[in-house]
> 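The structure's right below; bear with me while I get my questions together.
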Amino acid sequence: MKLDVLYFAWLRERIGCARETVETEAGTVMALVEELRAREERYALAFSDLSALRVAIDQDLRDFDAPLTDAREVAFFPPMTGG
Amino acid sequence: MKLDVLYFAWLRERIGCARETVETEAGTVMALVEELRAREERYALAFSDLSALRVAIDQDLRDFDAPLTDAREVAFFPPMTGG
Amino acid sequence: MTRITIRVEQAPFDFGAECARFAEGGADTGAVVTFCGIVRDDTGTLESMEIEHYPGMTERALTKIAEEAARRWSLSEVLILHRYGPLRPGERIMMVATASAHRAEAFASADFLMDYLKSRAPFWKKETTRAGSDWVAAKASDEAALARW
Amino acid sequence: MTRITIRVEQAPFDFGAECARFAEGGADTGAVVTFCGIVRDDTGTLESMEIEHYPGMTERALTKIAEEAARRWSLSEVLILHRYGPLRPGERIMMVATASAHRAEAFASADFLMDYLKSRAPFWKKETTRAGSDWVAAKASDEAALARW
């Protein structure tokens, strides 16, 4: 399946990209993270501490063990600091 | 001693007066209330239920057993309803 | 040092302008909370509301309440403004505003000001409907709210 | 039925005008609470702040938070307005406003909106001082604040 993968804040800066399309068969967010980590050093570093990251599937906050069934857009980012 | 005695809200309306000067030797608010009650029926009625009234001495909220030493102004009124 | 402003006035006030001025605070202001009380007319029968107060004691009581808030929380500024006299449904009765570095302190202090103002500042409301006039009764819940602090 | 307004914009907003409009509410509005967040510069070294957000999800998250507030409290109106892009010290970042018949509901709901917005809406702040730029770290106390609700 084709997924739009988005990165925000320092994650975007470390990976050096705001959005990319990924061809994957990953069943869960965690499986997708493993695929990304295996790609290049900058991904491995960016995803080294998942407790410092949040994930949204199709613009809803989810856990890292959430399934990717029917997902079109997955976003990774640090904890929010609005307000 | 001479005291300015003030009445507010429905107490003012029942007594029919907003402010009067009272010559009294009352040692406490309660003793002053007894003197006022003894004056006329309208005072007795107005002061019949002290739990529905509040008192301030020189513009500070006090209890009915507070002493009147050095007091110049005593105000009686129902519980406040501002805001 | 907290800048405290107390205003007791008959004339209408400009809630928007007061809020705008408040939100221009200094470099240490990160959070502003404002409250506005408005004459409600749930039943559609209210013709007017009259607010009586105790000149002298009112300013004194509001100042004490604001000073207590400034003791409990770290605030750069506090405003309490309360009208008296005749008001119509929909008119603004009063406002409070607090400014702090942090949101929790701005919220708590504004909430505190309102609870104390309700039961400790000498204002009394009288409502007039077509059926006649009557003084608004104090609510037990307003007195009970003070126990939160 | 609660009227909900969500605005996510780059341009400055007029906090006073928004507050004024809010305080003109209907016959069932007796209490308005507004909050304004402002770029602080405690140390005098902040040159600018950049707010990044997630277009699409931001509006969606803010709407869900406002709807949850409307479920929990009896509110006639809710406004959440948040800016993004570059900001300078003293500039207004965002505001929330709630209108209700009663003060307790207006206060609680505004406080709730802020707690949820802080930790659940996709905004990220980056501060630039003369020493360089860095992302603002989330505070454990912000996440902990959600447990209040």
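Both backbone and side-chain heavy atoms feed into the values below; hydrogens, waters and symmetry mates do not. First the proteins, then the strands, lettered A, B, ... as listed; each starts at 1.
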> Is it the backbone or the side chain of C/Arg120 that comes under 4.5 Å from a heavy atom of chain B, or both, or neither?
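The answer is both parts of C/Arg120.
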
> Is it the case that more than 12 heavy atoms not belonging to C/Arg148 sit under 6.0 Å from its CZ atom?
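Yes, the 6.0 Å shell around CZ holds more than 12 heavy atoms from other groups.
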
> To the nearest 0.5 Å, what is the distance between CE on B/Met80 and CG on C/Asp142?
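Interatomic distance, B/Met80 CE to C/Asp142 CG, rounded to 0.5 Å: 12.0 Å.
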
> Looking at C/Met95, C/Met114, C/Lys125, which has the largest count of heavy-atom pairs under 4.5 Å with chain B?
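Among C/Met95, C/Met114, C/Lys125, the one with the most close pairs to chain B is C/Lys125.
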
> Considering only heavy atoms and a distance below 4.5 Å, find which of B/Ala75, B/Pro78, B/Ala56, B/Ala9 pairs most often with chain C.
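The answer is B/Ala9.
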
> When you look at B/Glu13 and C/Lys126, which way does the side-chain contact (heavy atoms from CB on, under 4.5 Å) test go after all the steps?
CA-CA 12 Å; B/Glu13 291 178 340; C/Lys126 189 180 196 177; 2.3 Å; yes

> Could you tell me the separation between the OG1 atom of B/Thr81 and the NZ atom of C/Lys139, rounded to the nearest 0.5 Å?
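Going from OG1 on B/Thr81 over to NZ on C/Lys139, the span is 10.0 Å.
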
> Nearest 0.5 angstrom please: C/Met57 CE to B/Phe77 CZ, how far?
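Here the interatomic distance stands at 4.5 Å.
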
> Quick one: closest heavy-atom pair of C/His53 and B/Phe8, and the distance?
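Closest pair (atom of C/His53, atom of B/Phe8, distance): O-CE2, 3.3 Å.
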
> Is it the backbone or the side chain of C/Lys64 that comes under 4.5 Å from a heavy atom of chain B, or both, or neither?
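Interface part for C/Lys64: side chain.
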
> Within the supplied structure, the quantity of interest is the number of heavy atoms (other residues, nucleotides, ligands) at a distance under 6.0 Å from B/Arg39 CZ; does it exceed 12?
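It does: B/Arg39 CZ has more than 12 such atoms within range.
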
> Does any backbone or side-chain atom of C/Ala121 lie under 4.5 Å from a heavy atom of chain B? Answer side chain, backbone, both or neither.
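Backbone only.
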
> Please indicate whether B/Arg72 has more than 12 foreign heavy atoms, meaning atoms of other residues, nucleotides or ligands, lying under 6.0 Å from its CZ.
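Counting neighbours around CZ of B/Arg72, 12 or fewer heavy atoms of other residues, nucleotides or ligands fall under 6.0 Å, so no.
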
> Pick one of side chain, backbone, both or neither for C/Ile51, based on which atoms fall under 4.5 Å of a heavy atom in chain B.
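Neither the backbone nor the side chain of C/Ile51 comes within 4.5 Å of chain B.
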
> Would B/Leu6 and C/Tyr54 count as a side-chain contact (heavy atoms from CB on, under 4.5 Å) here? Give the steps.
CA-CA 9 Å; B/Leu6 283 67; C/Tyr54 180 174; 3.6 Å; yes

> For atom CZ of C/Arg3, decide whether the heavy atoms of other residues, nucleotides or ligands shown that lie under 6.0 angstrom number more than 12.
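Not buried by this count: 12 neighbours or fewer within 6.0 Å.
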
> A quick test of your reading: do over 12 heavy atoms of other residues, nucleotides or ligands sit less than 6.0 Å from CG of B/Asp70?
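Not buried by this count: 12 neighbours or fewer within 6.0 Å.
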
> Given 3.5 Å as the limit, does a donor-acceptor pair link the side chain of C/His82 with the main chain of B/Gly82, or not?
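Checked: no pair found.
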
